[in-house]
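Whatever order the structure lists ligands and atoms in, that order sets their numbers, starting from 1.
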Amino acid sequence: MPIQFKPEDSRNSLVDEQKLVQTAAALLVGDKGLLAMDESNPTCDQRFARLGIPQTVEARRAYRELIVTAPGLADSISGAILYDETIRQRTLEGVPFLKILLDAGIVPGIKVDLGAKDMAGHPGEKITEGLDGLRERLAEYAGMGARFAKWRAVLAIGDGLPSRGCMEANAHALARYAALCQEAGLVPIVEPEVLMEGAHTLERCGQVTEEFLCAVFAQLHTQRVMLEGMILKPNMVLPGSTCPDQATVEKVADATVACLLRAVPPAVPGIAFLSGGQSAELASARLSAINTIFKLRQPLALAFSFARAIQQPALEIWKGEDANAPEAQRALVHRARCNRAARRGGYSAEMERS
Ligand code: 13P
């Protein structure tokens with residue numbers, strides 16, 4: 001049940017708290033989740049290049065058209081995160097993507113960070129940029145119809161990493177972004193991501209994730225962000241991708257929820273995990289186990305906001321060919337359905353064969 005927020009609790013007259021709470025509830029409704037389709041042009045081009053797809057505006061447009069027009073997408077997807085190029089694009093027939101999404105009942109959102117850049121004085125670490133001019137950019141997106149936004153910060157685990165300096169600077173930027181979003185009437189998706197690359201253990205990922213989340217929530221509090229009007233988008237707690245001990249699905253679920261229970265205040269209405277480079281099936285299986293094992297203990301909605309774990313199989317089928325679009329759409333909607341089932345704890349490998 002969505003959190004009830006009473007107007008008399010209001011602390012910041014510049015923020016329409018009721019509207020934020022309603023948008024957050026719409027994004028977390030039932031067992032649906034978010035589709036991240038907000039890859040920046042360089043990231044989208046990299047993924048296209050690997051499959052021999054031309055890296056052009058038109059190819060990106062055609063691919064995004066395939067996604068937003070996929071029949072049945074709205075059955076499992078509550079909101080779609082767009083990129084600056086995509087939010088301005090139209091179908092071949094001239095219908096704005098925004099209209100297609102709104103007509104389908106999918107809430108449009110927008111990625112507003114300008115990317116993770118090398119951080120001065122912190123070799124091997126990144127700081128996410130994009131605060132300058134953000135108020136004006138948010139006003140433009142809100143005017144176009146966006147109802148929520150996303151900002152991703154990344155932390156790498158390695159020898160002596162992450163540093164406190166990198167963690168705190170990213171937490172601070174996330175909180176300033178979130179405050180500006182709420183002022184603009186947009187629900188901030190706050191995405192502190194601990195990267196999967198490396199040989200670190202599950203336990204190490206759990207420690208770093210917990211510390212990062214605590215730093216983020218301390219900054220959100222300091223910057224007067226209304227927790228009831230935001231969504232957290234964290235990584236699952238996972239062993240590093242080259243760690244010899246790849247944990248079971250149950251162990252991942254256990255470690256993830258333990259971490260969240262310690263670090264996330266229950267006023268936050270929901271969590272929407274990123275997939276972070278896990279295979280599509282593993283991401284669904286782990287999300288399902290997280291929901292199954294901890295349904296009773298976890299006060300928050302545990303949803304998904306996947307990019308690769310929903311899109312990758314479809315992209316591999318599409319390969320830039322119009323003729324492959326219907327099959328790619330079916331693959332996309334299938335992954336969205338699997339993750340919807342996972343939100344109920346109802347995903348099983350059988351679903352992959354149906
Ligand atoms: P992945 O699910 O591919 O990690 O992407 C989520 C996302 O939105 C990254 O910012």
Handout entry: Pick from Ala272, Ser40, Gly277, Ser275: the one approaching atom 2 (O) of ligand 1 most closely through a non-hydrogen atom
Key =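 Nearest heavy atom to atom 2 (O) of ligand 1 lies in Ser275.
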Handout entry: Nearest option to atom 8 (O) of ligand 1, as decided by whichever heavy atom of Glu191, Lys233, Gln311 sits closest
Key =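 Shortest heavy-atom distance from atom 8 (O) of ligand 1: Lys233.
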Exercise for the section: Work out whether the distance between some heavy atom of Lys111 and some atom of ligand 1 is less than 4.0 Å. Expected result: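 Heavy atoms of Lys111 never come under 4.0 Å of ligand 1.
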For a quick check under 3.5 Å, do [X] and [Y] share a side-chain donor-acceptor pair by atom type?
X: Gln89; Y: Arg64; value: no
X: Glu85; Y: Ser40; value: no
X: Arg335; Y: Ser284; value: yes
X: Gln312; Y: Glu316; value: yes
X: Ser76; Y: Lys32; value: no

Are any of the N/O atoms in [X] less than 3.5 Å from those in ligand 1?
X: Leu274; result: no
X: Lys150; result: yes
X: Arg47; result: no
X: Gly276; result: yes

Exercise for the section: Please lay out, stage by stage, how Leu287 and Tyr347 fare under the test side chain to side chain contact (heavy atoms under 4.5 Å, CB included). Expected result: CA-CA 9 Å; Leu287 179 64; Tyr347 169 81; over 6 Å; no
Exercise for the section: Have a look at ligand 1 and work out which part of Arg152, if any, has a heavy atom under 4.0 Å from it: side chain, backbone, both or neither. Expected result: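 Side chain only.
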Handout entry: Region of Ala36 engaging ligand 1 - heavy atom pairs below 4.0 Å
Key =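 The answer is the side chain of Ala36.
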Practice task
Quick one: look up the protein heavy atom nearest atom 3 (O) of ligand 1 and list residue, atom name and how far away it is.
Solution key: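 Result for atom 3 (O) of ligand 1: Arg308 NE, 2.7 Å.
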Exercise for the section: Report the nearest protein non-hydrogen atom to atom 5 (O) of ligand 1: residue, atom name, distance rounded to 0.1 Å. Expected result: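 Checking every protein heavy atom, the shortest distance to atom 5 (O) of ligand 1 gives Ala307 CB, 3.2 Å.
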Problem - Crowding at CZ, Arg135 (>12 non-hydrogen neighbours, <6.0 Å) - result: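 No, not enclosed.
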Handout entry: Asp113 and Arg152 ion-paired at < 4.0 Å
Key =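 Between Arg152 and Asp113 there is no salt bridge, as every charged N stays at least 4.0 Å from the carboxylate O atoms.
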